[in-house]
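For reference, positions follow the sequence shown, starting with 1. As a basis for the values below, the full set of heavy atoms in this structure was taken, side chains included, without hydrogen atoms, waters or symmetry mates.
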Amino acid sequence: KLLSLKLKGTFKSTQVHASSPPNTTIVNTIGSSSVASKLRAKTMLPFGLPKTDHLEPTIEPHLKPIQLVETLADLYRRLGTCLESEKSLICIEQYSILSSLGDPKLLRRCLRAARQHAFDVHSKVVLSALLRYERREDEHDGVSPMACSSFILECPKATLESGCDLNSIYDHCKCYQECTNSADAQISKEDELLTLEEDSDISFCVGNEEIDCVRSKIAALSTPFKAMLCGSFIESKRSKIDFSQNGISVELMKAVDLYSRTKRVDMFSPKIVLELLSFAERFCCEEMKSACDIHLATFVNCMEDALVLIEYGLEDRANVLVASCLQVLLRELPSSLHSPKVMRIFCSSEARERLASAGHASFLLYYFLSQVAMEEDKVSNTTVMLLERLKECATLKWQKALALHQLGCVWLERLEYKSAQCYFEAATEAGHVYSLAGIARSRYKQGQQHSAYKLMNTLISEYKAVGWMYQERSLYNTGENKIADLNTATELDPTLSFPYKYRAVSKAEKKQTKDAISEIDRIIQFKLAPDCLELRAWFFIAIEDYGSALRDIRAMLTLEPSYKMFNVRLSGDDLIDLLNHKVQQGSQADCWLQLYDQWSSIDDIGSLAIIHQMLVNDPWKSLLRFRQSLLLLRLNCKKAAMRCLQLACNLSSSEHEKLIYEGWILYDTGHREEALAKAEKSILIQRSFEAFFLKAYTLSDSNPDPESSSYVIELLEEAIRCPSDGLRKGQVSVGTFFKYL
């Protein structure tokens, strides 16, 4: 079952996994290259063909309403009639429902709308960080997580200001380094002493020192001070007040006096400002507290700063300071997720209560954190704890359903089936019908196959038929009934990959491998996924079509470079090394000829495979990365496309080329005017096919009127006149298409 052959150079000894069945051929050591050659011809299946018994679809950790269209329509109506303060949260609900579709552009649009309508600082900080996290593939190498993208929705400074401008979704922010004259930033000792001598009418004694102050100015700091100094208290009659027993230092009291006169804190060291913050919290000096809060927030620049200052912020409930610290920690995701110090701030119930006391514990915060944790390690203790906090923060029905359903998914992955069942049942009670599939799966895993079947049967009879219902019931069915359920699932929802995979493996088990390939081809033609490409490569290896297998594995690694095959037992790169012994490798020039043929015949998977091979020989070729991104966009693999486009941008050797790639990234993130400016700037430096094409494409999308269409055609004709590589043939056809319009 788990035979792994290392076929590099001379054949070396291999080992068989401990769970290999008795009839597995075990190879110890083969010294002769001729014997190794014979063995290679027989065994290129590193871990054996998959079996239908081991296949099952995952329970998706998303909200999946039975009536998706009706649910989205209802959300749209609610957005048009709700209060402005409620719109941001409705956009997040929309995001959680659309997550099951996996369209990054659609999800980003929801997040942008949520950020646009966010009023409070906390929501702005979380949504801004989430937007940055979702587009992390687009970022240049070496860019700081706190770097501003120059757009207001992701600006780290703009998030710390409450309120919103609904017309600012595509606006540039006003990031600048505030420069103040040193003469204005501090008061000279002579002036300070003069002021104290002229104005002081009360002294505060701290130890053996007296700090001269102005009674009216100290009284103006807070209601308690006003009552003490100007009310009926005995201190109102005294000119000296003893503050020695209050734990206040001389330096702090001097700073209080100076602040009361100037209303400024920027002349103090961070240590003194922190003491002022505690003083303000203790004596209810709201204006002083706000000034310290805002000023301290400017000192948070890295994770180390955030981890230190957030403790002060939480202790004194400094909203802006805590927000600034959270912003750094969230923008460092996913790396900050692996820091025990960071997780102590979020994971426990006590930690959540501390954040809540400062106004920074929310469903939105824990939704973001738990999603990142699930992507990193679905079964970790950190993921479970964050989801538990998400459940505690859930107040609305859909929020409770989502948190409970995701907890069920995690416990199912952890093989804790009873716990999973409990959470799925709670999610079902909260109104999430899809969680019934989780209940059925949990029962099935506990040996209750008939109970699981009956549950899905009841579900199908009570609700409008949906593809996933029949897919789930097929797991608990047998024989022809199982295949019938899978066929019905495909009819109702052709995008479900499991039915195709099961039917394909079933045919392979009957030695009908070519029919199995035809079956898996049906979904690959319109939905390119790494697991489907892996399965097809498996089948090609079985019939010793190593060239086709190599093509699929290269395409698969283009989609996910770190993809592990055969249940995470072998990397794709290792399998490529194995298969290279069976396939003749062409030169880089041969690859260019093959790429031209594949591109012209619109064989996108073949083109991806050839470019992947070329990048092994020339990994710094930015043009190849750009071509890779174009193919991936055509295949609707947007996330992988953006990763390749950013790599092209990082590797570009000329300014005009880099401007083109930056323009495409801006276009994809909705900044069409900026993309157009990049194209025009590139054309000024050097007229090129790609620059004109970017300009034409952006204009055609921005202004669909007839006059603009004529100008777009002119731009495409200019593009054709510019020199380009032989791959422009497919792009020229786009220009022809515009002419017909």
Can you find a side-chain donor-acceptor pair between Y367 and Q371 that sits under 3.5 Å?
->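 Per modelled atom types, Y367 and Q371 side chains form no pair under 3.5 Å.
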R331-S336 side chain donor-acceptor pair, cut-off 3.5 Å |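 S336 and R331 do not have a side-chain donor-acceptor pair below 3.5 Å.
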Do side-chain atoms of [X] reach the backbone of [Y] as a donor and acceptor pair under 3.5 angstrom?
{"X": "S260", "Y": "D257", "answer": "yes"}
{"X": "S203", "Y": "K240", "answer": "no"}
{"X": "Q406", "Y": "P61", "answer": "yes"}

What residues form a side chain to side chain donor-acceptor pair (under 3.5 Å) with R238, not counting sequence neighbours?
-> none
Under a 4.0 Å N-O cut-off, is there an ion pair linking [X] with [Y]?
{"X": "E392", "Y": "R389", "result": "yes"}
{"X": "R78", "Y": "E93", "result": "yes"}
{"X": "E350", "Y": "R354", "result": "no"}
{"X": "E286", "Y": "K289", "result": "no"}
{"X": "E655", "Y": "K658", "result": "no"}

Partner of C325 by side-chain contact (heavy atoms from CB on, under 4.5 Å), out of V300, I345, V320 | V300
Per the side-chain contact (heavy atoms from CB on, under 4.5 Å) rule, which among L390, L330, T382 passes with L369?
->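 Exactly one candidate clears the test, L330.
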Exceeds 12 heavy-atom contacts within 6.0 angstrom, atom [atom1] of [X]:
{"X": "R414", "atom1": "CZ", "value": "yes"}
{"X": "E86", "atom1": "CD", "value": "yes"}
{"X": "K105", "atom1": "NZ", "value": "yes"}
{"X": "K226", "atom1": "NZ", "value": "no"}
{"X": "E376", "atom1": "CD", "value": "yes"}
{"X": "K341", "atom1": "NZ", "value": "no"}

Please examine the side chains of I218 and F204, heavy atoms only from C-beta on, and report whether any two atoms are closer than 4.5 Å.
->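 Touching, per the 4.5 Å side-chain cut-off.
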Taking the side chain as every heavy atom from C-beta outward, state whether Q399 and L89 have any atom pair closer than 4.5 Å.
->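 Heavy-atom side-chain distance check passes, below 4.5 Å.
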Students often mix this up, so state it plainly: with edges at 30° and 60°, are the rings of [X] and [Y] parallel, tilted or perpendicular?
{"X": "F279", "Y": "F225", "answer": "parallel"}
{"X": "Y366", "Y": "F346", "answer": "perpendicular"}
{"X": "H295", "Y": "F299", "answer": "perpendicular"}

Going through the distances and angles, do E251 and K254 end up as a salt bridge (Lys or Arg N to Asp or Glu O under 4.0 Å)?
-> CA-CA 5 Å; E251 291 77 11; K254 287 181 178 179; over 6 Å; no
Check S357 against L314 and note the closest heavy-atom contact, atom names and distance.
-> OG-O, 4.5 Å
Check the pair F368 / Y133 against ring pair (Phe, Tyr, Trp, His ring centres under 6.0 Å), numbers first and verdict last.
-> CA-CA 10 Å; F368 180 19; Y133 178 80; 5.8 Å; yes
To the nearest 0.5 Å, tell me how far D316 CG sits from L276 CG.
->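 Result: 11.0 Å between the selected atoms.
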Could you give the distance from CG (L106) to CD (Q94), rounded to the nearest 0.5 Å?
-> 7.5 Å
